[in-house]
Amino acid sequence: MSNNQLLASFINKSDRMVYKWIDYFEVYEKAFSSYRNKQITFLEIGIQNGGSLQMWREFFGPEAKIIGVDVDPQCKALEAEGFEIWIGNQADPHFWEEFKTKNPSIDLVLDDGGHTMEQQIVTFQSLFPILSNGGTYVCEDTHTSYFPSHGGGLKQQGSFHEYIKTMLDEMHAWYYAPLSTIAKSYLANNLYSISIYDSIVVMEKRRKNPPIALARGFEGGVKNPPSMTYLELRHAFGIPD
């Protein structure tokens with residue numbers, strides 16, 4: 001990570017305090033670098049002293065709109081530094097409904113909030129639908145999925161990691177779900193990728209076309225059909241419609 005500018009900014013920080021696990025910075029670099037110096041809207045949940053907001057503003061550049069959400073009313077003072085600050089409980093869907101009336105589209109979300117299972121899941125369910133096409137959603141400190149104090153536990157139903165496993169199934173609904181339900185599956189049509197690292201999960205949103213495989217070239221002993229849709233694949237392997 002020797003060339004990681006965000007990590008360098010963090011290490012050299014001398015004003016408002018920010019607390020991060022070091023391994024996250026490589027993930028941030030991969031997930032966020034393409035958004036630098038662009039007109040984007042970035043939302044961070046869980047802002048404490050405001051040091052992370054300053055770090056993100058330096059990283060993304062002056063064209064980025066930086067929004068912070070926290071349960072601590074004292075964080076509202078950070079608006080004096082040019083940030084948009086919302087005070088509320090991230091586990092409350094009504095809070096997010098109000099938030100979305102003023103912010104109907106977000107490009108990047110970083111959930112570094114309370115880390116309980118309810119908070120992480122409600123926040124994702126509330127915000128992923130308003131994430132822009134091509135946007136990125138990051139939830140960190142997901143090791144709390146193993147903490148009973150946060151509603152987690154190994155293989156505990158209702159933990160964020162178990163929820164991620166159901167999302168993995170839904171993004172592959174093309175290959176097993178009744179055909180009548182696929183068009184209604186938001187994640188099958190919009191969840192492009194899930195990347196899981198130690199304690200941090202990155203999800204990319206992108207509108208997806210129905211899967212299709214193509215064959216090109218002529219040489220070789222094995223002949224493939226020139227094209228195959230996911231429907232033809234299902235039929236070939238006996239998956240009912």
Side-chain angles (χ1 to χ4, degrees), residues 24 26-35 38 40 93 96 100 104-111 117 120-140 142-143 145-146 152-241:
Y24 289 178
E26 185 174 359
V27 179
Y28 294 151
E29 186 77 17
K30 291 178 181 179
F32 294 152
S33 288
S34 63
Y35 299 94
K38 295 180 180 178
I40 55 114
W96 290 120
K100 290 187 286 187
S105 179
I106 302 288
D107 300 299
L108 303 174
V109 174
L110 176 61
D111 182 359
M117 304 305 97
Q120 291 174 340
I121 292 173
V122 167
T123 300
F124 177 82
Q125 291 176 337
S126 298
L127 295 181
F128 194 76
I130 67 164
L131 198 66
S132 62
N133 185 41
T136 299
Y137 190 104
V138 177
C139 184
E140 61 183 51
T142 60
H143 47 251
S145 281
Y146 306 106
L154 182 61
K155 301 186 185 300
Q156 175 66 40
Q157 289 300 310
S159 77
F160 189 71
H161 276 179
E162 292 300 315
Y163 182 68
I164 289 290
K165 294 174 187 177
T166 67
M167 291 168 55
L168 180 64
D169 289 336
E170 190 172 348
M171 74 182 288
H172 289 88
W174 304 92
Y175 308 103
Y176 69 87
L179 295 182
S180 61
T181 68
I182 293 178
K184 302 173 186 177
S185 170
Y186 192 80
L187 296 183
N189 288 279
N190 290 279
L191 180 56
Y192 179 73
S193 72
I194 304 174
S195 300
I196 301 175
Y197 305 87
D198 185 340
S199 303
I200 188 167
V201 178
V202 179
M203 290 156 282
E204 294 179 271
K205 182 177 179 181
R206 191 184 305 179
R207 284 191 291 272
K208 293 157 61 177
N209 295 316
I212 185 171
L214 301 176
R216 290 294 183 266
F218 299 96
E219 296 186 8
V222 178
K223 300 301 180 184
N224 298 109
S227 66
M228 177 178 285
T229 68
Y230 76 99
L231 290 172
E232 291 167 327
L233 179 68
R234 287 171 61 118
H235 294 160
F237 287 94
I239 305 301
D241 292 343

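Everything numeric here is computed off the predicted structure, so don't read it as measured data. Every heavy atom of this structure was used, including side-chain atoms; hydrogens, water molecules and symmetry mates were not.
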Original post:
Which residues pass the side-chain contact (heavy atoms from CB on, under 4.5 Å) test with P93, sequence neighbours left out?
Top reply: V122
Original post:
Backbone N or O of W96 within a donor-acceptor pair of the S126 side chain at under 3.5 Å?
Top reply: no
Original post:
Any donor and acceptor pair, going by atom type alone, linking the side chain of N133 with main-chain N or O of R207 inside 3.5 Å?
Top reply: yes
**OP:** Supply the atom-to-atom distance L131 CG to R206 CZ, rounded to the nearest 0.5 angstrom.
**Re:** 12.5 Å
Subject >> Set of salt bridge (charged side-chain N to carboxylate O under 4.0 Å, His left out) partners for K100, sequence neighbours left out >> reply: E97
**OP:** Could you grab the distance from atom NZ of K165 to atom CD of Q157, nearest 0.5 Å is fine?
**Re:** 8.5 Å
Subject >> pair M117-S145: side-chain heavy atoms closer than 4.5 Å >> reply: yes
Original post:
Cation over ring, K205 on Y137, under 6.0 Å and within 45°?
Top reply: no
Subject >> Heavy-atom neighbours of K223 NZ exceed 12 at 6.0 Å >> reply: yes
Original post:
Do you know the tightest heavy-atom contact between T142 and I200?
Top reply: OG1-N, 3.5 Å
Original post:
Are any non-hydrogen side-chain atoms of S199 and Y24 less than 4.5 angstrom apart?
Top reply: yes
Original post:
If you round to the nearest 0.5 Å, how far is OG of S34 from CG of L108?
Top reply: 8.0 Å
Original post:
Is any side-chain heavy atom of W174 less than 4.5 Å from a side-chain heavy atom of K208?
Top reply: yes
Original post:
For the residue pair Y192 and M171, what are the closest heavy atoms and their distance?
Top reply: O-CE, 3.6 Å
Original post:
Can you tell me how far NE2 of H161 sits from OG1 of T166, rounded to the nearest 0.5 angstrom?
Top reply: 12.5 Å
Original post:
CG/L231 to CD1/I239 distance, rounded to the nearest 0.5 angstrom?
Top reply: 12.0 Å
Subject >> Any side-chain heavy-atom pair of L179 and R234 under 4.5 Å >> reply: yes
Original post:
When V202 is tested against each of L110, V138, I194 for side-chain contact (heavy atoms from CB on, under 4.5 Å), which residue passes?
Top reply: V138
Original post:
Can you name the nearest heavy-atom pair linking S195 to Y197, along with the distance?
Top reply: CB-CE1, 3.7 Å
**OP:** Evaluate the ring planes of H172 and Y175, with Trp represented by its six-membered ring, and classify them as parallel (under 30°), tilted (30 to 60°) or perpendicular (over 60°).
**Re:** tilted
**OP:** Specify the closest pair of heavy atoms between E29 and S33, including all atoms of both residues, with the distance to one decimal.
**Re:** O-OG, 2.6 Å
**OP:** Evaluate the ring planes of F160 and Y163, with Trp represented by its six-membered ring, and classify them as parallel (under 30°), tilted (30 to 60°) or perpendicular (over 60°).
**Re:** tilted
Original post:
So, D198 and H143: side-chain donor and acceptor under 3.5 Å apart, yes or no?
Top reply: no
Original post:
Shortest non-hydrogen contact from S227 to L214?
Top reply: CB-CD2, 3.7 Å
Original post:
Looking at Y230 and P210, what are the two nearest heavy atoms and their distance?
Top reply: CE2-CB, 3.7 Å
Subject >> Any side-chain heavy-atom pair of L127 and I106 under 4.5 Å >> reply: no
Original post:
If you count the non-hydrogen atoms of other residues, nucleotides and ligands that lie under 6.0 Å from NZ in K155, is the total more than 12?
Top reply: no
Subject >> Distance (rounded to the nearest 0.5 Å) between N189 CG and E170 CD >> reply: 9.5 Å
**OP:** Check whether any side-chain heavy atom of M203 sits under 4.5 Å from a side-chain heavy atom of M167, and report yes or no.
**Re:** yes
